[in-house]
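Read through the structure below, which is laid out as structure tokens, and then see the notes.
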Amino acid sequence: MAISKVERLMNLVIALLSTRQFLSAERIRESVAGYEESASDEAFSRMFERDKSELRDLGVPLEVGPVGRHSGQEGYRINRDAYELPEIDLTEQEAAAVAVAVQLWESPELATAAEGALLKLRAAGVHVDPEAVVPASVPSVPARTRGSEAALGKLLAAIDEGRAVRFEHRGSHSAPYLMRDVEPWGVVTHQGRWYLVGHDRDRNAQRTFRLSRIGSDVTAYGPADAVRKPEGTDLRALVVRATGAMPVIGTATVWVAKDRGQEIRRLGPELEEREVGGRSGVVVEVPVRSRDWLARLITGLGPDALVLGPEDLRADVIGRLRVVLEETEVSA
């Protein structure tokens, strides 16, 4: 069975992370699973160039350097220091949450694939760094940020083949799905989320789509190699621009219950401790960039959050809560 693009990219990352030496393109072709399927040198070269571009778009720090001290041949590796996360200080509660997440998302399949990739590297004569810890080098991505795994695999396959795609997409988690017809240019990660960048044929414009809002039923169509990313297009810059912070248009004060509403607490400074309705909590000063977004966030917290001001935001949240109450069946 042919290896998918996702597996091939993962194998490439494992290979380039697991050795301090620069690996030549030919050595990568021989030792990294997925490239042996290339029908010719030209086909491998095209595939490898696309994969390098994909890794750079994903923010992977790919380095280029000489294969040997006296060799002019070019090789590749991943800068481990730039790739790995810096040391992070966590509270006891945060550390416990991370531990639970790790247990939930550990993948035996991923570990097996990583071990197999390292064995193949060693068999090919590549020096594998003994300090390389593969499970830590290839972290799992939480489900809410990675979107649909089925969608990701199908989108990457379509990008690799240069074909257009059709899929259902919604602008927010509460909005209905709408069919989109897109020429996919690439997939990029930004601030823990995955985004598809491409040309929307129906709107005749460049668009960015968050993968978590794309349905799993992605259909590639049309001839191969008909779609390619325009020369000089910086996918990461397009995503940053599309997801850039809106200007602050005001402030709000919001009470959140003790040990609740972490989403609100991260937005601004805590002003004071206060008890509301017999529950202890804190008052947070929140910058308002989108009143609608903030109202939806506060509404989702239910009794754990209370708008103290401004009055129009408070009325908006109360109105949304009333709608939820009217549409919810309450049994005795």
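Since the model is a prediction, treat every value here as computed from it, not as a measurement. Numbers here are sequence positions counted from 1.
- Cluster partners of Val67 are absent, since no Ile, Leu, Val, Met, Phe, Trp or Tyr has side-chain heavy atoms less than 4.5 Å from it.
- Legend: residues meeting side chain to side chain donor-acceptor pair (under 3.5 Å) with Gln73, ordered by chain and number and at least two apart, are absent.
- In this structure, the side chains of Phe22 and Glu63 come closer than 4.5 Å at one or more pairs of heavy atoms.
- Put simply, CG on Leu17 and CG on Leu12 are 9.5 Å apart, with the number rounded to the nearest 0.5 Å.
- Residues Arg265 and Val282 form a side-chain contact, since some pair of their non-hydrogen atoms from C-beta on lies under 4.5 Å apart.
- For Thr253, the side-chain contact (heavy atoms from CB on, under 4.5 Å) test picks out Leu271, Val283, Leu308, with sequence neighbours left out.
- Annotation for Tyr177: hydrophobic cluster partners, listed by chain and number, are none (ILVMFWY side-chain heavy atoms under 4.5 Å, direct or chained).
- Taking Asp160 as the reference, Lys5, Arg8, Arg50 meet the side-chain contact (heavy atoms from CB on, under 4.5 Å) condition, with sequence neighbours excluded.
- Of the possible donor and acceptor atoms, one in the side chain of Lys154 sits under 3.5 Å from a partner among the backbone N and O of Ser216.
- Residues meeting the side chain to side chain donor-acceptor pair (under 3.5 Å) test with Ser24, sequence neighbours left out: none.
- Sorted by first and then second residue, the ring pair (Phe, Tyr, Trp, His ring centres under 6.0 Å) pairs with a member in residues 202-242 read Phe167-Phe209, His169-Phe209; sequence neighbours excluded.
- Taking a 6.0 Å sphere around CD of Gln262, one finds it holds more than 12 heavy atoms contributed by other residues, nucleotides or ligands.
- Residues satisfying the side chain to side chain donor-acceptor pair (under 3.5 Å) test with Glu49, not counting sequence neighbours, are Lys52.
- Applying the salt bridge (Lys or Arg N to Asp or Glu O under 4.0 Å) criterion to Glu311, with sequence neighbours excluded, gives no partner residue.
- Other residues, nucleotides and ligands contribute more than 12 heavy atoms inside 6.0 Å of the CD atom of Glu272.
- The side-chain contact (heavy atoms from CB on, under 4.5 Å) check on Ala220 picks up Ala158, Arg163, Val165, with sequence neighbours excluded.
- Looking at heavy atoms from C-beta onward, Val254 lies out of side-chain contact with Leu267 at the 4.5 angstrom threshold.
- Interatomic distance, Thr233 OG1 to His199 NE2, rounded to the nearest 0.5 Å: 12.0 Å.
- Under the 4.5 Å side-chain heavy-atom criterion for grouping Ile, Leu, Val, Met, Phe, Trp and Tyr, Leu321 is connected to Leu294 within one hydrophobic cluster.
- Taken together through direct or relayed side-chain contacts under 4.5 Å among Ile, Leu, Val, Met, Phe, Trp and Tyr, Tyr195 and Leu238 form part of one hydrophobic cluster.
- The side-chain contact (heavy atoms from CB on, under 4.5 Å) search around Arg203 returns Arg180, Asp200, Arg207, not counting sequence neighbours.
- Remark: Asp41 pairs with Arg29 by the side chain to side chain donor-acceptor pair (under 3.5 Å) rule, at least two apart or across chains.
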